[in-house]
2 protein chains.
Amino acid sequence: MKKAPTIRDVAATAGVSVSVVSRVLNPDSGPVAPAKRQEVLRVIDELGYRPRAAARELSAGHALTIGLVVTDLSNPFFARLADRIVWEARGHGVQVVLMTTQEDPHLEADSLDTLLDRSVSGVIATPTGRNIEKWARLQDLGVNVVFVDRTIEELADVDVVSIENFDSARRSTEYLIGLGHTRIALVTGPRSTSTGRSRISGYRAAHEDASLAVDPLLIRDVPFRGDSGGDAVGSLLAMSQPPTGLIVANTAQVQSSVRRLVQGGIKIPEELSLIVFDDNPWTELMSPPLSVIRQPLDMLAVHSLELVLGRMQGKLPDGPRLIEVKADFLPRNSCAPLTQTAIH
Amino acid sequence: MKKAPTIRDVAATAGVSVSVVSRVLNPDSGPVAPAKRQEVLRVIDELGYRPRAAARELSAGHALTIGLVVTDLSNPFFARLADRIVWEARGHGVQVVLMTTQEDPHLEADSLDTLLDRSVSGVIATPTGRNIEKWARLQDLGVNVVFVDRTIEELADVDVVSIENFDSARRSTEYLIGLGHTRIALVTGPRSTSTGRSRISGYRAAHEDASLAVDPLLIRDVPFRGDSGGDAVGSLLAMSQPPTGLIVANTAQVQSSVRRLVQGGIKIPEELSLIVFDDNPWTELMSPPLSVIRQPLDMLAVHSLELVLGRMQGKLPDGPRLIEVKADFLPRNSCAPLTQTAIH
DNA sequence: TACAAAAGTGGAACCGGTTCCACTCCGGAT
DNA sequence: ATCCGGAGTGGAACCGGTTCCACTTTTGTA
């Protein structure tokens, strides 16, 4: 176990001062005679020298690192989002420190502290909705924060990248209404989250447009964690007048909801028309293939990274940016027109 | 944008020297009078002081950080593995820097360099199989390396955590043979990887035990990336004497393989008995639910982290450790006994 | 009561980079 | 011939922690 060479080793070997080596390392930080530059580069290569990131960060006051704070990677949505973000970041020479919150504000707070310790220059996060002062403090300390997927209204100064939640919910609801359904259930995220609220609004808007009354019992805002989606589906099916259409708009609960339907032997789309908000290709392989609102993860990842990096380089105008990307509706075979026989 | 307090600010406010504050920060690094300790803690809390990680790392020579190097997070196997590892690591106060290789040795090499710059004290990786000298150098520089899922035979000194590949392949093959199948196809990873080779060996062993000849054309070792699984399935189905059983042992190719079967309208299990190596709960929701070799991700994650942390603390005896965890076979409804009618 | 060992403390060097600044050259303009 | 400005260079301070060591104050024991 030998130890790695330092900038002083390089300087000594090349017969120059550390200042010169540093200037070679960071072009534009000062002049270096072409001959010496050559020699220094040769020595660097010969010794296999690489600058220690910690030293650089200490001196610079901040790290070429961003934090990615998501709920958990078991959710394909976050997994694929993380995948894209890590990929995009590496192209810019930026590393990603990953933290998961399990939707727990305490864990989220811990994560933020840790990222602060690491002097990350940016954070991309799906916030739990709490820790408002903590997020504000982070920004106050010069960390560029971008919220992705969700937002926190109280934090006016944060950049946000999300899909068109209102519109997506509205379109899927309209689609089912167009097929003749009048009792459409909605399983979505908690009302305490921006996504939960927007999707409910979209759902309501579609009903209003069609002059259809909304039965509040058909709207289920359930937690992201656990089997709450499945439970909600169970209770919806047990209603005296069960829904004939169902939209599962809580990505994290798609799986448990669908499991409940499959295990209950519900015939899709004969007994129930189904649309899910999804990021999982498996929906296509089911029988029948499920109609989905496909979330454009690449766009979410690219935009959020662009924002963070742009802020880091100060290339962006002041003031928060809100980017909403369109989510495609992919009708497949899990929806059917409402017929008399569909009512069981 | 104010700036954060330093250890010297704390020392000045508390009326002590930085040494004392440092000793309070790191218990067991020296004595501190109880009264002063109290006061220092009070000031730390009052100022909201947090030690900068970069400064600590520079001084310590290594970071409380580990690198996690996997192919990509779109693969649920790696996503869930990463999830568990991040979770376990945080319990130990260790951060995880995530890098993806896309199975590209160049990207892998880059990642290792970057991790080296960051002075990570450990790396958990699914190696591409190349960069042998680079891995060796990493170890030489004192970085604790643990390979998970795969291994590189040339690197004798590395800890490895994997599932019982040989045994898993053997058992699933035996199961199909037990159902009367004689033409069983195997789609697995490249022969250049340890997993690919072990699974082929297990498959062969099951055939030998049953005194069954192995048709080499039924063994397809395909790359991890791309649609190679689907292509292999297509070509298998097009054989003059197509298989009646199929084992997809390449996790990354399960999805494309199954898609090919579904799109081809193959009846499962009537026309083809199917077993997949899987980490995706969706297999249970398909019709029919697929029989799977379930990979115990928690165990892989826990063990690999235990190894890395153990090495970091020097708590582990010298010499490489090989940990193989058992993977459960979950028979569901995608396999059926071979009957005359099954032969199309 | 004396004296060694242990507890408690602060000064200063160190980790490995970056950056400011003073200094030496040199060529070109006056 | 003189002066000026910029290219090129190295010394040294600095970033914010940790740690070694010398020193003073307790404490315990003979």
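None of the values given here were measured: they were computed from a predicted structure. Numbers restart at 1 for each chain; the letters A, B, ... are given by sequence-line order, proteins then strands. For the numbers below, each heavy atom of this structure counts, side chains included, while hydrogens, waters and symmetry mates do not.
- With hydrogens and angles left out, the side chain of A/Arg8 and the base of C/dG16 share a donor-acceptor pair within 3.5 Å.
- Within the cation-pi definition used here (under 6.0 Å to the ring centroid, within 45° of the axis), B/Arg150 qualifies as a partner of B/Phe224.
- The side chain of A/Lys36 lies closest to D/dT9 when the candidates are D/dC15, D/dG17, D/dT9.
- Contacts with DNA chain C (heavy atom under 4.0 Å) in residues 12-28 of chain B: B/Val16, B/Ser17, B/Ser19, B/Val20, B/Arg23, listed by number.
- Of all heavy-atom pairs spanning A/Thr126 and A/Val148, the tightest one is OG1-O, 3.4 Å.
- Note: CZ (A/Arg52) to P (C/dT18) measures 12 Å, nearest angstrom.
- Among the nucleotides D/dG16, C/dG17, D/dG8, the one closest to any side-chain atom of B/Ser59 is D/dG16.
- Between A/His303 and A/Val325, some side-chain heavy-atom pair lies under the 4.5 Å cut-off.
- In this structure, the CD1 atom of A/Ile7 is 19 Å from the P atom of D/dC14, given to the nearest Å.
- Set against C/dG8, C/dG17, D/dG16, the side chain of B/Pro34 has C/dG8 as its closest nucleotide.
- Summarising the geometry, the separation between CD on B/Glu39 and C1' on C/dG8 is reported as 17 Å, rounded to the nearest angstrom.
- Among the heavy atoms of the strands lying under 4.0 Å from B/Pro31 is at least one base atom, whether or not backbone atoms are also near.
- Looking only at side-chain heavy atoms (C-beta outward), B/Val94 and B/Leu309 come within less than 4.5 Å of each other.
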